[in-house]
Amino acid sequence: MMLRVVQWATGSVGTAAINGVLEHPDLELAGCWVHSKAKCGKDVGEIIGVAPLGVTATDSLDEILATDADAVIYAPLLPNPAEVAALLRSGKNVVTPVGWFYPGDKEAGPLREAALAGGVTLHGAGIGPGAATELFPLLLSVMSTGVRSVRAEEFSDLRTYGAPDVLRHVMGFGGTPDAALTGPMQKLLDGGFRQSVRLCVDRLGFAADERVRSAQEVAVATAPIDSPIGVIEAGQVAGRRFHWTATVGDTEVVRITVNWLMGEENLDPPWDFGPAGERYEIDVRGNPDTFVTIKGWQPDSVEAGLTSNPGIVATAAHCVNAIPATCAAAPGIAGFFDLPPITGRAAPDLTR
């Protein structure tokens, strides 16, 4: 039986998720919530640039709650727990890339209650956080004994991210270093990445300090840099690094780092991606060590990324592929290790 799916929000991840639902043999699009009044009332096919799909977008939460659907892919820019609770209480499973990968009891309590009331499940998935920063390191750790540390690190060129308002006003690029360092980005990222660190700590059994430490750094342009937000002038922020770590005493046991640069030229400090280029790295230290470099989640060029960013598509795909397992799970909040192993599905033209 086909599972009916609602897409919540049609930004870059939401658009990719809709395309993923259309390709998945076990899913069908049942509804779509949009933030923009300009999109409200339009056929979803028109919104994402394909033929009409027979599904009309709405900005009404009540209409979505009344929609006959099995699951919602909840992908707004910023999460709203009250919206998620309402979706769960309406009997809709929720898969989301914006949080709840490994929530603490205080955060999880109201949503678990809502999920139990609706007889459904909440599952957090994504890419980083939501896959590369906790799921993949933990899966790789099965090949080692005596694990001493894990590291997950992203190296990405943010000129391929076609969301200028987010880059400038949320992420702090193109502004002053002080504005970036005191802006909202660290706090916004902390919620998900600290869950990633805690999950690694708890699954591996490290006797780590309770506090997950976070830190951030900025690099500024030394000369004009072309970017999706326009030219970044000398002295303005053109690179950001964020770190999250857990320690046992003075020993670092889990480290997650994000390196976001507007290219590799004209930066101070002179950060770059190194000879390996853009990538995700996963490093498990034990007996034996495991070191994995993941390529393909970053585009081949800035132009290609602005057309279709593979990291965004991967984020959406993880959510889409998790829907059947989430719908089949016991009601509540399900983490990665509460669900069976999840895989993708064959391309439609290669199936029986």
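When all heavy atoms of A223 and A234 are compared, the closest pair comes out as N-CB, 4.1 Å. Between A330 and T121 the shortest heavy-atom distance is O-OG1, 2.9 Å. Closest approach of L261 to G239, counting heavy atoms only: CD2-CA, 4.1 Å. What you find for S227 and M262 is that their closest heavy atoms are CB-SD, 3.9 Å. The nearest pair of heavy atoms linking T293 to E281 is OG1-CG, 4.3 Å. N93 and C327 get closest at one heavy-atom pair: ND2-SG, 3.6 Å.
At least one donor-acceptor pair closer than 3.5 Å links the side chain of K92 to the backbone N or O of L65. Side-chain N or O atoms of T15 include one that pairs as donor or acceptor with a backbone N or O of T10 at under 3.5 Å. Proximity of a side-chain donor or acceptor of Q195 to a complementary backbone N or O of Y102 within less than 3.5 Å is detected. Under a 3.5 Å cut-off, the side chain of Q298 and the backbone N or O of T160 do not form any donor-acceptor pair. One N or O on the side chain of Q216 and one on the backbone of L181 form a donor-acceptor pair closer than 3.5 Å. Panel note: side chain T56, backbone K42; no donor-acceptor pair is recorded below 3.5 Å. No donor-acceptor distance shorter than 3.5 angstrom exists from the side chain of K39 to the backbone of A9, with no hydrogens or angles considered. Proximity of a side-chain donor or acceptor of D70 to a complementary backbone N or O of R4 within less than 3.5 Å is detected. No donor-acceptor distance shorter than 3.5 angstrom exists from the side chain of H318 to the backbone of A131, with no hydrogens or angles considered.
In this structure, the side chains of S12 and N309 stay at 4.5 Å or more apart for every pair of heavy atoms. Inter-residue side-chain proximity for P324 and L3 is flagged as met; some heavy-atom pair is nearer than 4.5 Å. Proximity of M185 to W260: side-chain heavy atoms (C-beta onward) are separated by under 4.5 Å at one or more points. Side chains of I225 and V231 form no contact here, defined as non-hydrogen atoms less than 4.5 Å apart. Side-chain contact check for W8 versus L87: some heavy-atom pair is nearer than 4.5 Å. By the 4.5 Å heavy-atom criterion applied to side chains, D43 and L53 are counted as neighbours. For the pair T58/I64, a side-chain contact is recorded, criterion being any heavy-atom separation below 4.5 Å from C-beta on. By the 4.5 Å heavy-atom criterion applied to side chains, R279 and F273 are counted as neighbours.
Tested against S214 for a side chain to side chain donor-acceptor pair (under 3.5 Å), the candidates R194, K187, H243 yield a single pass: R194.
A donor-acceptor contact closer than 3.5 angstrom is absent between the side chains of S149 and R255. A donor-acceptor contact closer than 3.5 angstrom is absent between the side chains of E252 and T245. Under 3.5 Å, the side chains of E83 and Y74 contain a donor-acceptor pair of N or O atoms. Between the side chains of W297 and E278, no donor-acceptor pair of N or O atoms lies under 3.5 Å. Between the side chains of E23 and N19, no donor N or O sits under 3.5 Å from an acceptor N or O.
Taken together through direct or relayed side-chain contacts under 4.5 Å among Ile, Leu, Val, Met, Phe, Trp and Tyr, L78 and I73 form parts of separate hydrophobic clusters. No single ILVMFWY cluster, assembled from side-chain heavy atoms under 4.5 Å apart, contains both L111 and L339. Cluster membership for L29 and L27, using ILVMFWY side-chain heavy atoms within less than 4.5 angstrom, is shared.
A salt bridge links E113 with R89; the closest basic N to acidic carboxylate O contact falls under 4.0 Å. Ion pair D157/R159 flagged as a salt bridge, since at least one NZ, NE, NH1 or NH2 atom sits closer than 4.0 Å to an Asp/Glu carboxylate oxygen.
The aromatic rings of F101 and F336 sit parallel to each other, their planes meeting at less than 30°, with 60° as the upper class boundary.
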